[in-house]
Amino acid sequence: MTESITITDNRSGEQIEIPIVNGGVDASEWGKLLPGVWFYDPSFDHTAAAASAITELDGEKGILRYRGYPIEQLAEQSTYLEVAYLLIFGELPAPNQFEAWVHDVTYHTFLHENVRKKFMDGFHHDAHPMGVLVSTIAALSTFYNDAKNIDDPADRYKQIVRLIAKMPTMAAGAHRHSVGMPFVYPDNNLDFASNFLSMMWKVAEPQYEPNPVLSRALDVLFILHADHEQNCSTTAMRVVASSLADPYVSTAAAAAALYGPRHGGANEAVVRMLGEIGSMDDVGDYIKRVKAGEVRLQGFGHRVYRNYDPRATIIKQTADEVFEVTGKNPLLDIALKLEEVALADNYFTSRKLYPNVDFYSGLIYQAMDFPIDMFPVLFAIPRTSGWLAHWVELLDQNARIARPRQLYDGVPQRDYQAIDKR
Ligand code: SDX
């Protein structure tokens, strides 16, 4: 048996054999046999839009690996900044490389004062922080003209460091603006997660004292959210970057995609759903509404995972550590009951609907006092390293501009009618 497929054009009887390589077939080959005939796949369910060495998923087995390392080992033994380095440069850093990387990120956390004072402060007081973040990421493009030198390794590195470093500063700044609190400057004595917590919560104390359990839990959540192969927001990053747009506007496009409730907005939707259910006694009624197609079970289901999302398992363990410090989130019992009822119901198991990364993450963020509308922002901070890893990979592959075809199903040609004739 050869690892190949044969396509026959029944109109002409012509055939073409295409080898199956690395789990895929080269679409340009059948273009030779079928010019002008397109494979219709609008949500890319059956289409590989890229060849990538960054993240490997196995949806059936519930496997997630970053550059070959299992997510469970990285969550247990690594840190977010080390994982960001791994995703972008392909290898775990040597001690000197890691020291330089952490130094560079730490010393690029500040924002140009105009970004905060003239741009971020211009938003309405109740602006959604994700809308502020998406806009501010794009605005950074106007502050760094060297960002357009995307083929210069030194300039490319500078933008990568700036974006990873400034995401927490912009994120915390958006929150502080929304609650009328003064902006908190980065504290270079703190690690990445602790510095973010300081910029979020510092009040009048001379230096913010992070709770080490909460800092570590947040760092683990950042690791789990760092990349996830060709998800919606990463696809947006690759499409926009394929036009050779600079990394700031490409990242803004990716963050915009993440904002949607089907994607990064899901953990916000989960907590709102749990609040709407209100009590464990009402779980059954909500499940009935889901099965009637009236509502979706937020935090359940995944395009790739047809099994438990491995990140959800780790997040559930992290939740216990956080609740030890913060006290249990009252919505947790409702979530656990929902999961128990859903996983015993054929409606969900037959559709391979299991808890995904978002089902429990929102409960942790809420227990850590993050406002609900900050949840997608907390997803965007670490996913920036994944987006940038794909940006670098796409440029190194000399990828062509993304320009899919379509099936036209509009009206045939017709002549213009003057307005007095309509
Ligand atoms: C993330 O791609 C990634 O990697 C994303 C992500 C990442 O790290 O980047 O993993 C992060 O975005 C996780 C997903 C977060 N979203 C949610 O939790 C929102 C709720 N889930 C969904 O809306 C849905 O499951 C999606 C969007 C996640 C996946 O949708 P698909 O693959 O397009 O599935 P579908 O909409 O075609 O549904 C298939 C069937 C349908 O039923 P039938 O028409 O066959 O009767 O499953 C049903 C759907 O109605 N279904 C659900 C459901 N999700 C799918 N029914 C109830 N509740 C749900 N959550």
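Hydrogens, waters and symmetry mates are skipped; everything else that's a heavy atom, side chains included, is used. We count ligands from 1, going down the list as the structure has it; atoms in each ligand are counted the same way. No experiment lies behind these values; they were computed from the predicted model shown.
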Nearest atoms (heavy-atom pairs only) where A171 meets M374: O-CE, 3.7 Å
Can E229 and R65 be counted as an ion pair, charged N to O under 4.0 angstrom? no
May I ask you to identify, for V304, whether its side chain, its backbone, both or neither come under 4.0 Å of ligand 1 on a heavy-atom basis? neither
So for V270 against ligand 1, with non-hydrogen atoms under 4.0 Å, the contacting part is neither
Atom 44 (O) of ligand 1 protein-contacted (non-hydrogen atom, under 4.0 angstrom): no
Within the structure, does R296 bring an N/O atom to less than 3.5 angstrom of an N/O atom in ligand 1? yes
Can you check side-chain hydrogen bond (donor to acceptor under 3.5 Å, both in side chains) on N10 and T8, steps first, answer last? CA-CA 6 Å; N10 293 323; T8 303; 5.1 Å; no
N231 contact mode with ligand 1 (heavy-atom cut-off under 4.0 Å): both
N or O pair under 3.5 Å between A266 and ligand 1: no
Are R351 and Y347 in a cation-pi contact, defined as NZ or CZ under 6.0 Å from the six-membered ring centre and within 45° of the axis? yes
Checking heavy atoms under 4.0 Å, the part of D358 that sits near ligand 1 is side chain
For the residue pair Y365 and H225, categorise the inter-ring angle as parallel (less than 30°), tilted (30 to 60°) or perpendicular (more than 60°). tilted
Looking at atom 1 (C) of ligand 1, would you say a protein heavy atom lies below 4.0 Å from it? yes
Between H225 and ligand 1, which residue portion shows a heavy-atom distance shorter than 4.0 Å: side chain, backbone, both, or neither? neither
Which segment of R383 sits under 4.0 Å of ligand 1 when only heavy atoms are counted: side chain
When you measure from atom 42 (O) of ligand 1 to every protein heavy atom, which one gives the shortest distance, and what is it? R351 NE, 3.3 Å
